[in-house]
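The structure under discussion appears below in the form of structure tokens.
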Amino acid sequence: MTAVTDQDHTERADQPGDADKARSAGNPSAKAPENAPNNVPAHDSANGSANSSEGERPSRTNSRMDPAADSRTDSTGAWDDGLIARRVDESTTGGNQYAVMDSRTAVPPTVSPLVYDGPLRSRLEALRELVGLSRTRLDSRTLAEAGRVLDEASARRRLSGQHTVVAIAGATGSGKSQLFNALAGVAISETGVRRPTTAAPIACSWSDGAASLIERLGIPPRLRRRPLPTGDGDQLHGLVLIDLPDHDSAAVQHREHVDRILALVDAVIWVVDPEKYADAVLHERYLRPMAAHAEVMFVVLNQIDRLPGEAAEQVLDDLRRLLDEDGIALGEYGEPGTTVLALSGLTGDGVGELREALGQFVAERTAPARRISADVDIAAARLWPVYATQRRTGLSEQAREEFADRLADAVGATAAGEAAERAWLRNANRACGTPWLRLWRWYQDRGEPTTGRLPSRTQADEEATARQRVEQAVRTVADRASAGLPAPWAQAVREAAVRGSQGLPEALDELSVRAGVPTGRPPRPGWWPMAVLSQAAMTILQFLGGLWLLGQIVGVMSPNLGVPVLLMVIGIVGGPLIEWSCRMAARGPARRYGLEAERRLREAAAGCGRARVLDPVAAELLRYREVREQYGRVVGAGS
């Protein structure tokens, strides 16, 4: 039987042997055209001896010249999927009962698009939101697989939901093309000892409406087939079967075809043979990475007719063991997973069982959604290192308070409070002290700064120390905020803290001047006037006693030392006593005044640090929590 491949149409259309065969078929004047149409089946010279025994296929020219052939073609009509199907008569094709499809004239039918269930839609929406939130934080290579899954899910959703695209993949010599023909019931894909035999993917559809699905795979019309209807044709209704090139082919283009189409089909039938079923390339490059797709995979041990006795069961058990080591769940005892079968494409032994399992699989119409769900699982697993964490993340209240304390130390909040307290006490002493002591202190304080003002920090070492404290505070809070986060998000948190710290020391210096110790005199309590009057009274007593004594000395007043001396003693002792009492009474208000000044400066420094550093860091942490929640929905934790 003759197979039609890409190589048939491109490399053998102008060979002289084709013209000779056409003449021997009954048309001596026919010759092979140089530019044959893509939908014309051609012969393979490698299998010429076998083909000659089965009969020769007439050329397209013969069909046009033969009225019977024209009537047969006209009576066939078009397949209702936009692909014109020309059935080739069995008597003229040597038994190749398949339809060659062309997509040039027929109008495609209306097909129902694929509909995802609620949980899968929710996961896809969460993945799309996750990618959108992460584009500015993660590089494009990290998000490439998730983006591909979203694109493929969207593209597959717009296509037919009544069809299931299944690819047959295998190594060189595994017999996958033979199995492809056995499932189709006719010789569609080329088989033989020449390697590689299958040069390009070939599609075979059992029902209408699959044109867009096949076009998505990039399979040209000349490599699309339809088997003739049979009695059990409904068993595989909705199936689109793809025969792939060898995944271990020496031709790079063949392997590229395999990798590209395996990423697009709904399910895969892996065909292995007794010699290569344990091949490391198959398991490490394909089966192990596709372990999540266990429910949409069939693994078929072909060529069991070559195994004597119970060897087939032993090889099948060893194959199941290898699949289990690959992490592939096996669909045994009614559990979901990969179906593992043994058959012979040559003798047909076990093909019926595969056909039945494949028919039930296609009838369920859940393979596309299962494939997309498995793709989402794989994408989520690859994103695990950049989203998942095993510990609590974020800034604790203790970390925030420590950051504020470090900034307060940098601006000298404690020193400012102590200075304010000293200023309040100094003003209390000046207001309540004796005139003589106040006069002496005034003389000492003439060269000092105005009461209530802090000396400006102009020394280079003090400025450097303050800047170092601020930088250390920012590094500490950034390290604590990023602790436990995945590397990209930890880096984003640190960068946000560094950006906010730019200009922070200058801003703290400015607010320390505005919010530090207020200028001018501190407020006076209500008892200060009484203390001032009492101090004035003591001073008056001293003056009265002194004048009295002076009058006695000059003889103006009668001698009486007791009273003037008593008045002077009361004034001299009472003044310092009142001053000491006022100093004791002023300690409480002075302390409160200093604490209030320190509190204002601390709050100002904390507000500046919060606006410049903590808020940007908190925004990054909030973004991470959002993507973490979306990631939980993607993996199904929120469903």
Side-chain angles (χ1 to χ4, degrees), residues 395-432 441 444-445 447-481 497-498 500-525 582-615 617-618:
L395 276 176
S396 63
E397 286 300 324
Q398 181 181 359
R400 294 175 180 270
E401 292 176 359
E402 290 182 1
F403 178 67
D405 291 341
R406 289 175 181 270
L407 294 184
D409 292 340
V411 299
T414 302
E418 293 175 353
E421 181 179 356
R422 288 194 301 269
W424 205 97
L425 288 175
R426 186 163 52 250
N427 281 275
N429 292 336
R430 288 174 177 175
C432 302
R441 287 174 178 170
Q444 289 183 332
D445 295 342
E448 296 181 2
T450 305
T451 302
R453 293 184 182 272
L454 284 178
S456 59
R457 295 184 295 174
T458 58
Q459 298 181 4
D461 55 345
E462 292 183 0
E463 293 181 357
T465 301
R467 183 177 296 273
Q468 291 173 358
R469 289 178 178 177
V470 172
E471 293 176 353
Q472 179 63 29
V474 172
R475 284 196 299 269
T476 301
V477 75
D479 291 341
R480 292 191 176 185
V498 171
S501 65
Q502 296 176 357
L504 181 59
E506 292 78 7
L508 292 175
D509 287 339
E510 183 179 352
L511 70 87
S512 67
V513 176
R514 296 198 312 266
V517 179
T519 59
R521 295 180 180 273
R524 297 183 178 184
C582 290
R583 184 181 293 114
M584 294 296 102
R587 286 185 176 180
R591 179 60 179 165
R592 289 192 295 272
Y593 181 74
L595 291 176
E596 179 65 18
E598 180 180 355
R599 183 191 63 80
R600 287 197 305 270
L601 191 54
R602 283 182 176 274
E603 289 182 354
C608 184
R610 181 172 56 253
R612 288 176 172 266
V613 178
L614 293 184
D615 287 350
V617 168

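Along the sequence shown, the residues carry numbers beginning at 1.
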Inset, instruction - May I have the step-by-step check of side chain to side chain contact (heavy atoms under 4.5 Å, CB included) for F403 and V613, ending in yes or no? - result: CA-CA 10 Å; F403 178 67; V613 178; 4.0 Å; yes
Inset, instruction - Spell out, as yes or no, whether a donor-acceptor pair under 3.5 Å connects the side chain of S501 to the backbone of L504. - result: no
Inset, instruction - Would you name the heavy atoms of V470 and P505 that are closest together and state the gap between them? - result: CG1-CG, 4.0 Å
Legend entry - Expected output: side-chain R469 to main-chain V411 donor-acceptor under 3.5 Å: no
Inset, instruction - With sequence neighbours excluded, tell me which residues meet side-chain contact (heavy atoms from CB on, under 4.5 Å) with A408. - result: A413, R602
Inset, instruction - Check the side chains of R475 and Q472 for a donor-acceptor pair under 3.5 angstrom, ignoring hydrogens and angles. - result: yes
Legend entry - Salt-bridge criterion met for R406 and E471 (N-O under 4.0 Å): no
Inset, instruction - Provide the closest heavy-atom pair for G417 versus A597 in the form atom of the first, atom of the second, distance. - result: CA-CB, 4.5 Å
Legend entry - Contact summary for V474 and V477, nearest pair of heavy atoms: O-CG1, 3.2 Å
Inset, instruction - Give the minimum heavy-atom separation between A473 and L407, together with the two atoms involved. - result: CB-CD2, 4.3 Å
Legend entry - Taking every non-hydrogen atom, the tightest pair across A507 and C608: CB-SG, 3.8 Å
Inset, instruction - State which residues pass side-chain hydrogen bond (donor to acceptor under 3.5 Å, both in side chains) with E596; sequence neighbours excluded, sorted by chain then number. - result: R599
Legend entry - Results of salt bridge (charged side-chain N to carboxylate O under 4.0 Å, His left out) for E402 - residues two or more places apart only: R480
Legend entry - Atom pair CD/CZ of Q502 and R612 - distance to nearest 0.5 Å: 9.5 Å
Inset, instruction - Check whether any side-chain heavy atom of L614 sits under 4.5 Å from a side-chain heavy atom of L395, and report yes or no. - result: yes
